[in-house]
Amino acid sequence: MADALLFNPRTYDPAHFDPETRRLLRATVDWFEERGKRRIIEDYRTRAWLGDFLAFAAKEGLFATFLTPAGEAGDHADKRWDTARIAALNEILGFYGLDYWYAWQVTILGLGPVWQSDNAAARARAAELLDQGEVFAFGLSEKAHGADIYSTDMLLTPDGDGGFRATGSKYYIGNGNAAGLVSVFGRRTDVEGPEGYVFFAADSRHPAYHLVKNVVDSSKFVSEFRLEEYPVAEADVLHTGRAAFDAALNTVNVGKFNLCTASIGICEHAMYEAVTHAQNRILYGRPVTAFPHVRRELTDAYVRLAGMKLFSDRAVDYFRTAGPDDRRYLLFNPMTKMKVTTEGEKVIDLMWDVIAAKGFEKDNYFAQAAVEIRGLPKLEGTVHVNLALILKFLRNHLLDPVDHPAVPTRLDAADDAFLFRQGPARGLGSVRFHDWRPAFDAYDRLPNVARFREQADALCDFVRTAAPDEAQSRDLDLLLAVGQLFALVVHAQLVLEQAALTGLDEDVLDELFAVLVRDFSGYAVELHGKDSASGAQQDWALGAVRRPVVDEARTGRVWARVEALSGAYEMKP
């Protein structure tokens, strides 16, 4: 019997979506399954460009249907920007190979500045290019500055006819080899300060667009390109001034959310391989899974993966319900980029410790999973960047809740139009949140949820009585330890909300919280050891350490779910 928590191509039926969405998702699964494991792995090993996949997507209208907002869809009723089905496709593409997901993901980023623009002609052009099966690119990062958009060296010089000539380089630009439209960020040479920023549309096929190289050894074409006197007409300008800056950050809010569900897909495929191998590997006369440490590692991996899915699914609801007066998604977005993706690394590591050398074999999916899972936490700045962002919400979230209407599960066929009119990318300190405690109250009967609640309450006491002082607020090393503790509380909250909405098996939930209790204790000990931690903070840290509540029967029931994954899915050769 298939595990309802995990994606399994053999049983996948996204019946909660509309008919065309179901058709496209199932068609994508079938395309990969027909291609087969050997071909997919060989394409990965030989760094083959994804032309066959993009041809399939173009034929089916996959990108055009999923990535065209309803306002640009004309009479195509199935086209809309629907975060729920975008997340579903992320998971599928991650399951079969991150290279496929990457071409899709950077297309999303490239479209962000366009769909936010008031330039109707550019929007219409983008919609037409999607219909033609084109991919897009997001020209933001530079070799010297990374994503430091304050320091861009892409310079636009007025040409005297109302347009510009653009000269400069961009680096780490996915799809830069093939994009029909590249959204490029630069600045004018004749205007100082933020008012000089410009986002404009370029074509990778133009003679003034020079593709330098693929900067990675991969099927993912992560390009360096250079513009030399590239003509930018008024019709190519997407944003100017502060709006260009906001478009860059708001695009990241929309597009980098996809990192979490790609990570989930990778972990799911790897888990089928790992459990099947371990269950059938005989060592010292016994299956590997007979050893207690192996059972613990695989069980921990399973419940961590369940937590990743629960958090990400619930975060989708907040994205889809967002509006000018509800910007809670601005916390849950860096959480998906940082917390879910680093959980993915832990899941892979736990399984790799079990299967050992098997994880290197070239005929398995796991070998690429072990490599690709590392990239996701690093594709949007770093873990540290996102933790620093998460910390901006700490006090309001923990200590100062307000009333918000309850957010339902959002699987309806609606267009998420607000994501392209988010407004100025500032004011994070004013974002307010609903009370996190009721989600815990609903499960206070579960011993490890109750124990983690003690730790969450203790963190509130820390913020009230032992928060970093002015000098410590400049010690990012100490602050990041606090950020990890806060991230755990936010993660746990959304997991519990989604568990209540889906009727999650309580054994799985309590086993997951046993892991979270250990995690919180670990980060508390880390905080205790920081050079600048005060005596009060050190005392608090040791006082927040808890031992999970052990229940061998519960753990045994969860292990039975893990054991049942053996042979549940294997991709055809």
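Just so it is clear, the model here is predicted, and its values are computed rather than measured.
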Could you tell me if the side chain of T342 sits less than 4.5 Å from the side chain of M338, heavy atoms only?
yes
Do N258 and W101 meet the criterion of a side-chain donor-acceptor pair at a distance under 3.5 Å?
no
Is there a donor-acceptor contact under 3.5 Å linking the side chains of T21 and R85?
yes
Could you tell me if the side chain of L156 sits less than 4.5 Å from the side chain of R165, heavy atoms only?
no
Answer whether the closest heavy-atom distance between the side chains of Q105 and K256 falls below 4.5 Å.
yes
Keeping the roles fixed (side chain from N175, backbone from A178), state whether a donor-acceptor pair exists under 3.5 Å.
no
Taking side chain as C-beta onward, heavy atoms only, is L387 less than 4.5 Å from P334?
no
As a quick check of understanding, evaluate salt bridge (Lys or Arg N to Asp or Glu O under 4.0 Å) for R205 and E134, giving each step before the final call.
CA-CA 12 Å; R205 298 167 183 83; E134 297 282 1; 2.8 Å; yes
Ignoring hydrogens and angles, tell me if any N or O in the side chain of T251 forms a donor-acceptor pair with the backbone of A247 under 3.5 Å.
yes
More than 12 heavy atoms of other residues, nucleotides or ligands under 6.0 Å from OH of Y44: yes or no?
yes
Under a 3.5 Å distance rule, please check whether W436 uses its side chain to pair with a backbone N or O of V490 as donor and acceptor.
no
Minimum heavy-atom separation for A48 to S219, with atom names?
O-OG, 2.8 Å
Please work out which of the three classes, parallel, tilted or perpendicular, describes the rings of F138 and F199, given edges at 30° and 60°.
parallel
Using modelled atom types and a 3.5 Å cut-off, is there a donor and acceptor pairing between side-chain atoms of W49 and backbone atoms of F221?
no
Does the distance from a Lys or Arg side-chain N to an Asp or Glu carboxylate O, for D416 and R320, drop under 4.0 Å?
yes
Does a salt bridge link R35 with D52, judged by any charged N lying under 4.0 Å from a carboxylate O?
yes
With rounding to the nearest 0.5 Å, note down the distance linking OG1 in T68 to CZ in R123.
12.5 Å
Once you round to the nearest 0.5 Å, how far does CZ of F433 lie from CZ of R327?
10.0 Å
CD/E42: more than 12 non-hydrogen atoms of other groups inside 6.0 Å:
yes
salt_bridge(R26, D30) N-O dist < 4.0 Å
yes
With under 30° as parallel and over 60° as perpendicular, where do the rings of H269 and Y365 fit, or are they tilted in between?
parallel
S169-E142 side chain donor-acceptor pair, cut-off 3.5 Å
no
Please name the pair of heavy atoms, one in V184 and one in A202, separated by the smallest distance, quoted to 0.1 Å.
CG2-CB, 4.0 Å
For H145 and D153, does a side-chain donor sit closer than 3.5 Å to a side-chain acceptor?
yes
Would you mind reporting whether R125 and L181 have side-chain heavy atoms less than 4.5 Å apart?
yes
Under 3.5 Å, is there a donor-acceptor pair linking the side chains of T65 and D78?
no
Run the salt-bridge test on D99 and R47 with the 4.0 Å N-O cut-off and return the result as yes or no.
no
Are the charged groups of R23 and E20 less than 4.0 angstrom apart, N to O?
yes
Do NZ/NE/NH1/NH2 and the carboxylate oxygens of E345 and R374 come within less than 4.0 Å?
yes
Reported CG-to-CG distance for the pair L389 and L331, which is rounded to 0.5 angstrom
8.0 Å
Would you find more than 12 non-hydrogen atoms of other residues, nucleotides or ligands less than 6.0 Å from D400 atom CG?
yes
Show your reasoning for whether salt bridge (Lys or Arg N to Asp or Glu O under 4.0 Å) applies to E228 and R226.
CA-CA 6 Å; E228 293 280 2; R226 180 168 181 81; 2.6 Å; yes
Is a side-chain N or O of D82 found less than 3.5 angstrom from the main chain of A413, in a donor-acceptor match?
no
If I compare all heavy atoms of A235 with all of N119, which pair ends up nearest, and what's the gap?
O-ND2, 2.8 Å
Once side-chain contact (heavy atoms from CB on, under 4.5 Å) is applied, do any residues pair with Y102, and if so which ones, sequence neighbours excluded?
V106, K220, V222
Within the distance-only criterion (no hydrogens, no angle test), does the side chain of S204 pair as donor or acceptor with the backbone N or O of A179 below 3.5 angstrom?
yes
If you define the side chain from C-beta out and look only at heavy atoms, does anything of L54 sit under 4.5 Å from F63?
yes
Got more than 12 heavy atoms from elsewhere within 6.0 Å of CG, D403?
no
Can you tell me how far the CZ atom of F311 sits from the NZ atom of K339, to the nearest 0.5 Å?
10.0 Å
Taking D326 first and then R432, would you say they form a salt bridge - that is, a charged N and a carboxylate O separated by under 4.0 Å?
no
Taking every heavy atom of L111 against every heavy atom of A126, the minimum-distance pair comes out as CD2-CB, 4.2 Å
Euclidean distance, I266 CD1 relative to T341 OG1, rounded to 0.5 Å:
10.5 Å
No-hydrogen, no-angle side-chain donor-acceptor test under 3.5 Å, H210 and E224:
no
Determine whether D118 and R421 satisfy the following criterion, salt bridge (Lys or Arg N to Asp or Glu O under 4.0 Å), listing intermediate values before the conclusion.
CA-CA 10 Å; D118 292 331; R421 48 178 178 82; over 6 Å; no
Backbone of V232 reached by a side-chain donor or acceptor of D236 within 3.5 Å:
no
Salt bridge or not between R410 and D412? Use side-chain N to carboxylate O under 4.0 Å.
yes
Please verify the inter-ring angle class for Y230 with H206; under 30° counts as parallel, over 60° as perpendicular, anything in between as tilted.
tilted
Look at the rings of F319 and F257 and say which category their plane angle falls in: under 30° parallel, 30 to 60° tilted, over 60° perpendicular.
tilted
Close side-chain approach of L399 and V463, heavy atoms under 4.5 Å:
yes
If you look at every heavy atom in Y96 and E33, which pair is closest and at what distance?
OH-OE2, 2.6 Å
Angle class for the W31/F56 ring planes (parallel below 30°, perpendicular above 60°, tilted otherwise)?
parallel
Any L238 side-chain heavy atom under 4.5 Å of F200 side chain:
no
Spell out, as yes or no, whether a donor-acceptor pair under 3.5 Å connects the side chain of S183 to the backbone of P113.
no
Taking I173's backbone N and O only, do any of them form a donor-acceptor pair with S223's side chain (distance below 3.5 Å, no angle check)?
yes
Tell me every residue that passes side-chain hydrogen bond (donor to acceptor under 3.5 Å, both in side chains) with K309, counting only those two or more places apart in sequence or in another chain.
E91, E268
Taking only residues two or more places apart in sequence or in another chain, which ones pass side-chain contact (heavy atoms from CB on, under 4.5 Å) with N250?
Q116, D246, N253, Q422, A425
Of all heavy-atom pairs linking S532 and L478, the shortest is OG-CD1, 3.3 Å
Does a sphere of radius 6.0 Å around CD in E192 hold more than 12 heavy atoms from other residues, nucleotides or ligands, not counting ones at 6.0 Å or beyond?
no
Give a yes-or-no answer on whether the side chains of E343 and H491 include a donor-acceptor pair shorter than 3.5 Å.
no
Nearest 0.5 Å, what's the NZ-CZ distance between K392 and F486?
13.0 Å
Mark yes or no for whether R314, through its side chain, and Q498, through its backbone, hold a donor-acceptor pair below 3.5 Å.
no
